[in-house]
Amino acid sequence: MAVPPQMRALLHAVNALLRKRRYHAALAMLKGFRNGAVYGAKIRGPHALVMTFLFRSCSLREKLRAILQATYTHSRNLAFFVFTYKGLCALQAHAQGETYQVHSFLAAFFGGLLVFGANNNINSQISMYLLSRALFALCRLGVEKGYIPEPRWDPFPLFTGLLWGLVLWLFEYHQPTLHPSLQSSMTYLYQDSNVWHDISDFLLYNKSLPSK
């Protein structure tokens, strides 16, 4: 099917605009917004689907609404954060005539305050995910720069042992301090497995089905 001349002309004009270097910063913000929205939906959609159907007891309509709401919130927040971050980085570079490492930190700091500052489940999960990755990265950077002596043996087994010991202690004795989603997962694994009545809720189901 032939493309109409008007459409070809429009596509040519758009492509020419996209190649202009003078608009690169603004266009990068728009593409960052697009990529943030798509990535947020891809990450949150499957996670919300699995967690909702595994751990929420409500009607199908309520489950679908919860999945869509969580996916929309994650996608929107990530899109606006990327847009804000890239915009603030561009503004700082334009104001100072050069790019400095501190620009990245400041742009992300203010973007995080503006976009992820609300204390809700989704923002909390994203921040905790980033915290673990950032701590790992800082340790590696410390070794790379010589601030931390390079270990002579693999510290990961000790790290993971301490981590699991800490989280199970918190779950058993200070459960309300943990994130609700982690509480739900650990309740299923460590508390629900202590209770059964017969073969049905021992092997087939986690909990016995309600009698009619």
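Atoms considered below: every heavy atom in the structure, side chains included; atoms not considered: hydrogens, waters and symmetry mates.
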May I ask you to check whether H103 and Q96 show a side-chain donor-acceptor distance below 3.5 Å?
yes
Determine the minimum heavy-atom distance between S185 and M51, stating which atoms define it.
OG-CE, 4.0 Å
Between H47 and Q125, is any pair of side-chain heavy atoms under 4.5 Å apart?
yes
4.5 Å side-chain heavy-atom contact, F171 and L182
no
State plainly whether one hydrophobic cluster holds both I67 and V50, where clusters connect Ile, Leu, Val, Met, Phe, Trp and Tyr through side-chain heavy atoms under 4.5 angstrom apart.
no
How many angstroms lie between CD1 in I126 and CG in L131, if you round to the nearest 0.5 Å?
13.5 Å
Tell me whether the guanidinium CZ or amine NZ of R140 lies under 6.0 angstrom from the six-membered ring centre of F136 and within 45° of its axis.
no
Side-chain heavy atoms nearer than 4.5 Å, only ILVMFWY residues, links allowed to pass through others: does that put L178 and Y190 together?
yes
Answer yes or no: is there a side-chain heavy-atom contact under 4.5 Å between R76 and T73?
yes
ILVMFWY cluster, W169 and W164 together (side-chain gap under 4.5 Å)
yes
Interatomic distance, L170 atom CG to Q183 atom CD [nearest 0.5 angstrom]
10.5 Å
From T52 OG1 over to L60 CG, what is the distance, rounded to the nearest 0.5 angstrom?
11.0 Å
Could you see if L135 belongs to whatever hydrophobic cluster contains Y129? Use Ile, Leu, Val, Met, Phe, Trp, Tyr and a side-chain cutoff under 4.5 Å.
no
Within the supplied structure, the quantity of interest is the number of heavy atoms (other residues, nucleotides, ligands) at a distance under 6.0 Å from H174 NE2; does it exceed 12?
yes
Check whether any side-chain heavy atom of Q92 lies under 4.5 Å from a side-chain heavy atom of V102, and answer yes or no.
no
Report yes or no: does T84 contribute a side-chain atom to a donor-acceptor pair with the main-chain N or O of F80 at less than 3.5 Å?
yes
Which atom of A25 lies closest to which atom of A90, heavy atoms considered:
CB-CB, 4.0 Å
At what distance, to the nearest 0.5 angstrom, does CG of N35 lie from CZ of F83?
13.5 Å
Over 12 non-hydrogen atoms of neighbours within 6.0 angstrom of CG in N119
no
Answer yes or no: is there a side-chain heavy-atom contact under 4.5 Å between L88 and L106?
no
According to a hydrophobic-cluster definition based on side-chain heavy atoms being under 4.5 Å apart (Ile, Leu, Val, Met, Phe, Trp, Tyr only), do M128 and V167 belong together?
no
Is any side-chain heavy atom of Y72 less than 4.5 Å from a side-chain heavy atom of L68?
no
Side-chain heavy-atom pair Q6, L10 within 4.5 angstrom cut-off
no
Could you check whether any side-chain heavy atom of V82 comes within less than 4.5 Å of a side-chain heavy atom of K86, counting everything from C-beta outward?
yes
